[in-house]
Amino acid sequence: MKHTDIITVLQSEPSLHEVTIKGWVRSFRSNRFIAVNDGSTINNIQCVVDFENFEEETLKNITTGAAIEVTGLLVESQGAGQTVEIQVTKVAVLGTADPEEVKLTILSPKRHSLEKLREQAHLRVRTNTFGAVMRLRSKLSFAVHQYFQENGFYYMNTPIITGSDAEGAGEMFRVTALPATNPPLDDDGNVNYKEDFFEKETNLTVSGQLEAETYAMGLGKVYTFGPTFRAENSNTSRHLAEFWMIEPEVAFCDLDGNMDLAEDFIKYVVKYALDNCQDDLAFLEQRLLDEEKSKPQAERSDMALREKLNFIGENNFKRVSYTEAIEILRNCKPNKKKKFKYIINEWGADLQSEHERFLVEKHFKCPVILFDYPADIKSFYMRLNDDGKTVRAMDVLFPGIGEIVGGSQREERYDVLLEKMEKMGIPKDELYWYLDLRKFGTCVHSGFGLGFERLVQFVTGMGNIRDVIPYPRTPGNAEF
Ligand code: 4AD
Ligand code: MG
């Protein structure tokens with residue numbers, strides 16, 4: 001039997017026509033009101049049954065969590081909170097859910113902590129919070145494609161299995177088909193990867209950037225949007241071992257153009273969410289307010305969720321050089337009073353998230369783009385400035401998140417790049433193809449990477465990155 005999405009039914013006029021919906025029971029009150037949700041919207045449809053007209057056996061199986069099919073007349077709702085409801089003429093239970101077992105899960109109708117929901121990640125999308133987050137995640141990924149496609153970029157897919165370490169940080173997961181016990185060894189007693197599947201060492205990619213650069217050198221403007229993997233032992237609310245990254249790469253574009261692109265892109269996707277996800281955002285905004293009620297005043301957000309998202313769209317990001325930022329940090333109160341875990345003493349220090357968040361949340365009170373970082377704390381491929389000690393790097397810092405984007409103008413000069421790779425111990429034989437780009441029509445080019453989950457965190461107001469991806473991978477956790 002053909003059925004209609006609940007989102008469509010809820011937007012319909014009370015036509016008195018017959019409709020059929022299918023979904024999962026959220027609650028069944030007074031043997032009369034069934035609240036049903038099918039995931040198409042955060043809103044449930046109320047289905048009203050006249051219990052005298054239905055078999056007791058059927059009614060008994062209409063329990064929280066069960067899958068049902070309902071047919072009835074769409075009428076004006078008598079109750080508050082919805083405009084239409086279904087006067088049930090037919091109801092069938094498609095899949096039962098034993099109340100005794102449901103009671104032990106997060107499907108039971110009471111408040112469950114986000115930690116508890118994480119333990120039952122296969123069921124959590126049926127909660128209001130996760131339904132809303134995952135619908136937003138989907139809409140945001142559509143907006144990402146729409147933005148780039150409307151602006152002349154080509155979508156490309158970079159390899160997931162690779163022989164290179166794009167960031168040069170050595171945080172890779174090895175990919176091998178060799179046996180774990182007694183693998184073949186070479187003359188020096190090391191594992192002999194020449195006998196492995198690819199006849200070399202391979203790993204999961206940490207970034208598609210290097211391959212994206214090769215395509216920008218032919219297609220002009222490209223972007224990737226794919227999974228990336230980092231074996232960094234960071235157990236924080238902003239790190240995943242498997243996350244999705246969006247990486248545009250643009251030929252004939254310098255760092256200023258790169259900053260303009262990052263800012264315009266982020267504003268676009270945030271606005272898209274505001275325009276297209278009102279119901280879910282309203283729910284998440286209230287959720288955040290409720291959650292923050294239990295926090296001390298100083299830790300609560302200054303703005304409600306949608307106000308914060310509007311603020312992003314309407315205000316310029318503040319662009320500040322690393323050198324300026326260090327001056328601000330050196331002289332700021334928390335640094336002088338030794339409130340930071342890492343005290344900023346001198347130029348050259350790497351910035352920790354406490355520093356980034358101070359700049360964004362306390363000092364500038366708006367998104368900040370830091371640029372021109374010391375060469376020593378950044379990756380090998382970034383373009384060296386004329387001062388010989390800084391590189392054309394940029395990080396976009398966001399309130400509550402810290403770094404949301406990392407990017408740079410790329411070193412396009414063959415000799416400079418080669419020297420840098422040698423100095424930093426980057427294997428130039430492995431990356432001959434990357435060096436080749438600098439030999440055949442090299443040009444100024446730039447790009448950046450945006451961590452998709454950090455964007456989803458920002459837009460949904462979720463505090464922990466594990467709660468914006470269906471099945472988070474973190475140190476010690478690869479369940480499901
Ligand atoms: O700053 P990162 O390491 O930059 C790169 O990978 C460059 N190759 C990007 C480029 O220029 N094409 O990572 C980029 C972004 C970060 O700003 C952050 O948002 C996100 O990726 N990110 C993570 N997100 C979740 N979990 C992790 N472990 C992340 N590491 C980085
Ligand atoms: Mg970075």
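Just follow the structure's listing: the first ligand is 1, and inside any ligand the first atom is 1.
- Between V320 and F364, the closest side-chain pair of non-hydrogen atoms falls below 4.5 Å.
- Note on ring orientation: taking the six-membered ring where Trp is involved, the planes of F340 and H355 are perpendicular (angle over 60°, cut-offs 30° and 60°).
- Under 4.0 Å from ligand 1, the heavy atoms of R238 that appear belong solely to its backbone.
- Between the side chains of T323 and S321, no donor-acceptor pair of N or O atoms lies under 3.5 Å.
- Nearest residue to atom 7 (C) of ligand 1 from K378, E453, E167 is E167 (criterion: closest heavy atom).
- Classified by interplanar angle (parallel below 30°, tilted 30° to 60°, perpendicular above 60°), the ring pair F380/Y434 is perpendicular.
- Protein heavy atom closest to atom 18 (C) of ligand 1, with residue, atom name and distance, is R454 NH1, 3.5 Å.
- Ring pair F371/Y322: centre-to-centre distance not below 6.0 Å.
- Between K339 and K333, the closest side-chain pair of non-hydrogen atoms is not below 4.5 Å.
- Of all the heavy atoms of F448, the ones lying under 4.0 Å from any atom of ligand 1 belong exclusively to the backbone.
- Excluding waters, the protein N/O/S atoms found under 2.8 Å from the Mg ion (ligand 2) are E403 OE2.
- Remark: K308 is not positioned above the aromatic ring of F398, lacking an NZ or CZ atom under 6.0 angstrom from the ring centre and at most 45 degrees off the axis.
- For the ring-ring contact (aromatic ring centres under 6.0 Å, His included) criterion with H145, the lone passing option out of Y268, F265, Y223 is Y223.
- Atom numbering of ligand 1 starts at 1 in the shown order; those under 4.0 Å from a heavy atom of V405 are 17 (O).
- Distances below 4.0 Å separate heavy atoms of Y381 from the following atoms of ligand 1: 7 (C), 8 (N).
- The protein heavy-atom contact nearest to atom 26 (N) of ligand 1 is L240 N, 2.9 Å.
- Side chains of E167 and S379: a donor-acceptor N/O pair is present below 3.5 angstrom, by distance only.
- Of all atoms in ligand 1, numbered sequentially from 1 with element shown, those under 4.0 Å from a heavy atom of S207 are 6 (O), 8 (N).
- Here the side chains of N203 and D165 are not in contact, with every heavy-atom distance at 4.5 Å or above.
- In this structure, the side chains of M421 and L431 come closer than 4.5 Å at one or more pairs of heavy atoms.
- Between D264 and K267 there is no salt bridge, since no side-chain nitrogen of the basic residue lies less than 4.0 Å from a carboxylate oxygen of the acidic one.
- Here is the list of ligand 1 atoms found below 4.0 Å of a heavy atom in M245: 6 (O), 13 (O), 14 (C), 15 (C), 21 (O).
- Selection from R230, R410, E403, Q457 by nearest heavy atom to atom 11 (O) of ligand 1 gives R410.
- By the criterion of a heavy-atom distance under 4.0 Å, neither the backbone nor the side chain of E249 is placed next to ligand 1.
- For the residue pair R454 / Q457, no side-chain donor-acceptor distance below 3.5 Å is found, with atom types taken as modelled.
- The option with the heavy atom closest to atom 15 (C) of ligand 1, from among G449, S234, G447, is G449.
- Of all atoms in ligand 1, numbered sequentially from 1 with element shown, those under 4.0 Å from a heavy atom of G451 are 15 (C), 19 (O), 20 (C), 21 (O).
- Residues meeting the side chain to side chain contact (heavy atoms under 4.5 Å, CB included) test with D436, sequence neighbours left out: Y432, K439, F440.
- For F225 and F452, the ring centers sit closer than 6.0 Å to each other.
- At a heavy-atom cutoff of 4.0 Å, ligand 1 is contacted by no atom of W244, backbone or side chain.
- When only modelled atom types and interatomic distance are considered, Y471 and E242 share no side-chain donor-acceptor pair under 3.5 Å.
- Between F243 and ligand 1, no N or O atom pair is found at a separation short of 3.5 Å.
- The atoms of ligand 1 that sit less than 4.0 Å from any heavy atom of G406 are 1 (O), 9 (C), 10 (C), 11 (O), 17 (O).
- For atom 12 (N) of ligand 1, the closest non-hydrogen atom on the protein side is E247 OE2, 2.7 Å.
- Distances below 4.0 Å separate heavy atoms of G407 from the following atoms of ligand 1: 11 (O).
- By the 3.5 Å distance cut-off applied to N or O atoms, S408 is not counted among the residues near ligand 1.
- Counting heavy atoms under 4.0 Å from ligand 1, residue I404 touches it through the backbone alone.
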